[in-house]
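Notes follow the structure.
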Amino acid sequence: MAEARAVLLGTDGIERLVGLLAGRGYRTLGPVVADGAIVPGPVNSSADLPRGVHDDQSPGSYRLSRDDDPSLFAWAVGPRSWKAELFPPGAVVFRTSGTGSEVQVVPVLDDAAPVAFVGARPCELAALGILDRVLGASEHPDPLYSARRAAAFVAVVECARPAPTCFCTSMGTGPAAGAGFDLALTELVGDGGHRFIARAGSSVGDSVLAELGGRPVPPAAWDERAELLERSEAAMSRRLDTDGLAALLARNLEHPRWDDVAERCLSCGNCTLVCPTCFCSALDDVSDLSGATERRRRWDSCFDLGYSEVHGGPVRSSTRSRYRQWATHKLSTWFDQFQTAGCVGCGRCITWCPVGIDITEEAAAIRASDGETVRKDGQA
Amino acid sequence: MRPTLAVWKFASCDGCQLTLLDCEDELLAVAESVEIASFTEMSSATVDGPYDVSLVEGSITTAADAERIRAVREASGILVTIGACAAAGGIQALRNFTTVASLAGSVYAHPEYLDTLETSTAISDHVPVDIELRGCPVDRHQLLEAITALLAGRRPVLASYSVCQECKQRGTVCLMVAHGQACLGPATRAGCGALCPSLDRPCFGCFGPAESANTASLATRLGEIGASGSEIRRLFRTFNAAAPEFEKESVAHDA
Ligand code: SF4
Ligand code: SF4
Ligand code: SF4
Ligand code: SF4
C-alpha cells in the first residue's frame, strides 16, 4: 500500500505523540473512562488511555468491561462526539454594554487553545467532514467552529472492535479512515507485538510523523491491518440499505410507521444531541439587572416544540412529525441541502436513545412496506 | 418609581421562598431594582397593593386559600408561581389519591379541628398564571432570570424540553443507558441544569412533565430495565403527583 508517509510505532510512540502535541501547544483530548463511558477528556500521557477497556452497546444500553487486552483503542464511539469541542453546547455570541443610544456591541473572542483529538474514530472524521460543509463552507461560515476546526489536529484510530450498533460500512465512513485526518493510526496487537501503523494525511501530520520517528512499515504489518479491517467489516451486523433511501423516505411521509415510532419516542432529543452531525442551535438574548446583555447560542433539537414555533404555535406539534423530521433530515433532505447523507453510521442515536429506537430499523420498516399510507387514526 | 414585588405563601414548605433568599449577592441587586412590598419570610413590613409582580408559592388546600388567591390575582399585575406545589399541587397532592379522613386520623390527635379541602390543587386551577417556575424547589437561576426578564420587559428564557438535553449539554453520561438506573429525565422539564444526574442520582421529576412527555413509553422502558409496577407508580407520584401527565401514568400502575 503506497502512502505519503507511514511509519510503524511501538506503544512508546503514542507516549511520544502525546508529548509532542503538548509541546506544540495543543490541548490534547482523547478517550478516557469517566462515569462508566469512554468520553473525550484531557490526555497527558498514554496511561490516561482506556487500556483493555471495551464497550458493550445495544439499543438503549451501554456498558463497559475490562480485560487484560493491551489494546488502547478496542472500543467504539461513546456518548460524546468531538462536535462538542468545535461547536460547543453553549457559547456567548456577543455581549452589549450600555443602554439606549449608548449600546455597544462587545465581540467575544475565543481564547481556547488549539485542540488535538487523539483517538477519533473514522466515522467521527467523516462527521467532521460533514460539519465542515455545513458550518464551515456555507455562505456564512460559523466563526467559532471554523477557527477551532482550522486549528485542530486530528489523529484518527481505525476500528478494530465495532459495536453492534455501528453501521459505518453502510454509510461508507469506516472502519478504515477516509480523508481529512492529520494522522491515522491502526493499532496492531497480533503476533508481532503491540504496534501502531501511523500515516500522515496533512502537512501538519507529516511534520508530526517526521518528529515521531518510528521505523518503516513491514509488509506483514500492512497485511495485519488489512485483516483487521476485514474482520471489523465482517463483524458489523447492523446495516442500513441506502439504495434510493432519500427518495424512499421522501415519498413515504404519510407512512404508518411514523405513528408507530411516535408511540415509542419520548421526544427527549437525546438522539439529536449525541449525533456528531446535528448542527442546530438556538439563540437566547438575556440581560442582567444592570442592563448588560448577552446573546447566547445553545444546541437545539428538532424534537423541541420551540424549534418549530412560529407565530401561533409550533409547526411540528406531534411527536410523529418531529421524529419524521429527524429521520428524513438525516437520511433524505440532507442530500438536497448538502449533497451527502447527514448520517455517518456511528450508532450513537441508537445506543443513547433511552428507549432504544433504531433509525436503521425504522428505515427498513418503511422500505418493507413502501407506499403504505393509512394511518392508525384512520386518516389517509 | 420602582416596580413593586410581593411574595405569597399558600400550602408549601417555604423552600422556594428560601431559594429567593438564597440568591444572596443578586438579592441585593433585585432589592435595588424593585420595591419588595410584601415578603414576610424576609420582613414583616408590608405595603398595600396593587403589586406589579407577585411570586406565589404553594398549592390551594383550603377554602380560605381558594378565596385568598383570587384576591392576590386581583392585586397583581404579573403573577408568577414558584415551585411544584404551585404548579401541580406538590407532595401534599398525594391526598388526591385517597381521602383526607383516612389520612387525618393517622396524623392528628384531633382531626376534627381540621378544615381542609379534599384535594391539593395548582394555582392555575384557580386563577390565570402568567409564568410558572417549576421545581422542588425552584432553580435560583430561573428565578433570577424571570425577575430580570420581567424588569427588562422581555420574555424569560425558560426551557420546556426534557432534562436529558441538559445532561447532554453538560456532558453527563446517561444514567439510564450506561447504568440501567430508572430516570424520569426524558419525561421531565429542564430547568435544573440536570442537577441530579450530574450527581449520579437519576432525575425524580421535580420539575414536572416536559412539553411532550411520553410517560407511557418511558414507563414501559423502566419496566424493561427492572423497575416494578409499584416502583414506577412511586416514581411518577411524588412532588408532581397531580400533574396530569404524571397522575395518569401513576394511576396506570395502581395495583
Ligand atoms: S444519525 Fe445516528 S448513526 Fe447517524 S451519525 Fe447521527 S447519531 Fe450516528
Ligand atoms: S436532525 Fe434535527 S437537530 Fe439534527 S440537524 Fe436536522 S433538524 Fe437539526
Ligand atoms: S428517538 Fe429516542 S432519543 Fe430520539 S427523541 Fe425519540 S426517544 Fe429520544
Ligand atoms: S440521566 Fe436521565 S435525564 Fe440524563 S440523559 Fe439519561 S435519562 Fe435523560
Between chain B and chain A, which N and O donor-acceptor pairs fall under 3.5 Å? A table would be great.
| residue | atom | partner | partner atom | Å |
| --- | --- | --- | --- | --- |
| B:R154 | NE | A:S287 | OG | 2.8 |
| B:R154 | NH2 | A:S287 | O | 3.2 |
| B:R154 | NH2 | A:S287 | OG | 3.3 |
| B:S162 | OG | A:C268 | O | 2.8 |
| B:Q165 | NE2 | A:C268 | O | 3.2 |
| B:Q165 | NE2 | A:D304 | OD1 | 2.6 |
| B:K168 | NZ | A:N270 | OD1 | 2.9 |
| B:G171 | O | A:R80 | NH1 | 2.9 |
| B:V177 | O | A:Y62 | N | 3.0 |
| B:V177 | O | A:R63 | NH1 | 2.7 |
| B:A178 | O | A:R63 | NH1 | 3.4 |
| B:H179 | NE2 | A:D35 | O | 3.0 |
| B:E211 | OE2 | A:L305 | N | 2.7 |
| B:S212 | OG | A:R322 | NH1 | 3.0 |
| B:S212 | OG | A:R322 | NH2 | 3.2 |
| B:N214 | ND2 | A:E263 | O | 2.9 |
| B:N214 | ND2 | A:C265 | O | 2.8 |
| B:S217 | OG | A:R264 | O | 2.6 |
| B:R221 | NE | A:P354 | O | 3.0 |
| B:R221 | NH2 | A:G60 | O | 3.2 |

## Note on the structure
Looking only at A:V274, A:V355, A:L305, most heavy-atom pairs under 4.5 Å shared with chain B are made by A:L305
### Query
Is chain B contacted by the side chain of A:P314, its backbone, both, or neither, given a heavy-atom distance below 4.5 Å?
neither
### Query
With only heavy atoms counted, which part of B:A210 is less than 4.5 Å from chain A, the side chain, the backbone, both or neither?
neither
### Query
Side chain, backbone, both or neither: which part of B:L151 has an atom under 4.5 Å from a heavy atom of chain A?
side chain
## Note on the structure
The interface call for B:V30 against chain A, heavy-atom contacts under 4.5 Å, is both
### Query
Which atom names give the shortest non-hydrogen contact between B:V177 and A:C353, and what distance separates them?
CG2-O, 4.3 Å
### Task
Could you tell me which portion of A:V39 (side chain, backbone, both or neither) has an atom closer than 4.5 angstrom to a non-hydrogen atom of chain B?
side chain
### Query
B:D22: what forms a side-chain hydrogen bond (donor to acceptor under 3.5 Å, both in side chains) with it, not counting sequence neighbours?
none
### Query
Which region of B:A187, side chain (C-beta onward) or backbone (N, CA, C, O), has a non-hydrogen atom less than 4.5 Å from a non-hydrogen atom of chain A, or is it both or neither?
neither
